[in-house]
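Notes follow once the structure below has been shown.
Every heavy atom of this structure was used, including side-chain atoms; hydrogens, water molecules and symmetry mates were not.
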Amino acid sequence: MKIIIALLVFGIVIAIHELGHFSVAKWNKVTIHEFSIGMGPLLYKKMKAETQYSLRAIPMGGYVSMEGEDEASEDPNAFSNKTPLQRMAIIFAGPFMNFVLTIVITFLLFLFMGIPVNVA
């Protein structure tokens with residue numbers, strides 16, 4: 001049971017991280033081919049517009065596959081054709097969402113568990 005909970009929590013952290021990259025890339029009108037949670041063999045996929053949303057068998061990471069991320073592309077919406085500031089924002093958004101998630105979880109813990117104080 002603990003392993004299942006650990007995998008679920010890890011999956012949520014990965015999803016939030018990748019959602020940061022995904023949302024800023026979409027905001028900057030980058031063509032996204034795939035948003036994936038996990039690696040390895042495909043378990044589930046759903047196509048929506050030009051993006052494939054997928055869940056993969058090995059819960060060790062995830063990725064957002066963008067046009068022009070690894071190679072040059074003629075597409076004006078390719079990652080490689082965006083300004084350096086836009087590319088930096090897309091890359092920075094994932095780790096930033098990890099900080100946001102940490103702050104939200106800490107806030108919720110303090111909200112529901114309270115802060116211990118000494119009462120004389």
Nearest heavy-atom approach of Pro59 to Leu7 is CG-CD2, 3.5 Å
Find out if a path of hydrophobic residues (ILVMFWY) with successive side-chain heavy-atom gaps under 4.5 Å connects Leu19 to Ile91. yes
Quick one: do Val9 and Ile37 end up in the same hydrophobic cluster if we chain Ile, Leu, Val, Met, Phe, Trp and Tyr together by side-chain heavy atoms under 4.5 Å apart? no
Over all atoms of both residues, closest heavy-atom pair of Asn98 and Val13: OD1-O, 4.2 Å
Just wondering, more than 12 heavy atoms not from Glu74 lying within 6.0 Å of its CD? no
Smallest separation among heavy atoms of Arg87 and Phe79, with atom names: CD-O, 3.3 Å
What distance do Leu101 atom CG and Ile12 atom CD1 have between them, rounded to the nearest 0.5 Å? 8.5 Å
Indicate yes or no: does Glu50 engage Lys26 in a salt bridge with an N to O separation below 4.0 Å. yes
Specify the closest pair of heavy atoms between Lys45 and Leu42, including all atoms of both residues, with the distance to one decimal. CD-CD2, 3.6 Å
Would you compute the distance between atom CH2 of Trp27 and atom CD of Gln86 and round it to the nearest 0.5 angstrom? 8.5 Å
Hphob cluster co-occupancy, Ile16 + Val64, side-chain heavy atoms under 4.5 angstrom: no
Rounding to 0.5 Å, atoms CD (Glu34) and OH (Tyr53) come to a distance of 11.0 Å
Heavy-atom nearest pair, Ser80 first then Gly68, reads CB-O, 3.2 Å
Would you say CE of Met47 has more than 12 non-hydrogen atoms from neighbouring residues, nucleotides or ligands within 6.0 angstrom? yes
Is Met60 linked to Ile4 within one hydrophobic cluster, defined over Ile, Leu, Val, Met, Phe, Trp and Tyr using a side-chain heavy-atom separation of less than 4.5 Å? no
Walk me through it: do Glu67 and His33 pass the test side-chain hydrogen bond (donor to acceptor under 3.5 Å, both in side chains)? CA-CA 7 Å; Glu67 176 71 28; His33 298 297; 2.6 Å; yes
Can a donor-acceptor pair be found, under 3.5 Å and without considering hydrogens, that links the side chain of Asn81 to the backbone of Asn77? no
Identify which one of Arg56, His21, Glu18 satisfies the side chain to side chain donor-acceptor pair (under 3.5 Å) criterion when paired with Tyr63. Arg56
So how far is it from Ile32 CD1 to Phe22 CZ, rounded to the nearest 0.5 Å? 4.5 Å
Could you give the distance from CD1 (Ile3) to CG (Leu8), rounded to the nearest 0.5 Å? 13.5 Å
Give me the one residue out of Leu109, Thr102, Leu108 that meets side-chain contact (heavy atoms from CB on, under 4.5 Å) with Ile105. Leu109
Ile58 and Pro41 have their tightest heavy-atom pair at CD1-CD, 4.5 Å
Could you check whether any side-chain N or O of Lys82 sits under 3.5 Å from a backbone N or O of Val30, counting only pairs where one atom can act as donor and the other as acceptor? no
When rounded to the nearest 0.5 angstrom, what distance separates CZ in Phe107 from CD1 in Ile103? 11.5 Å
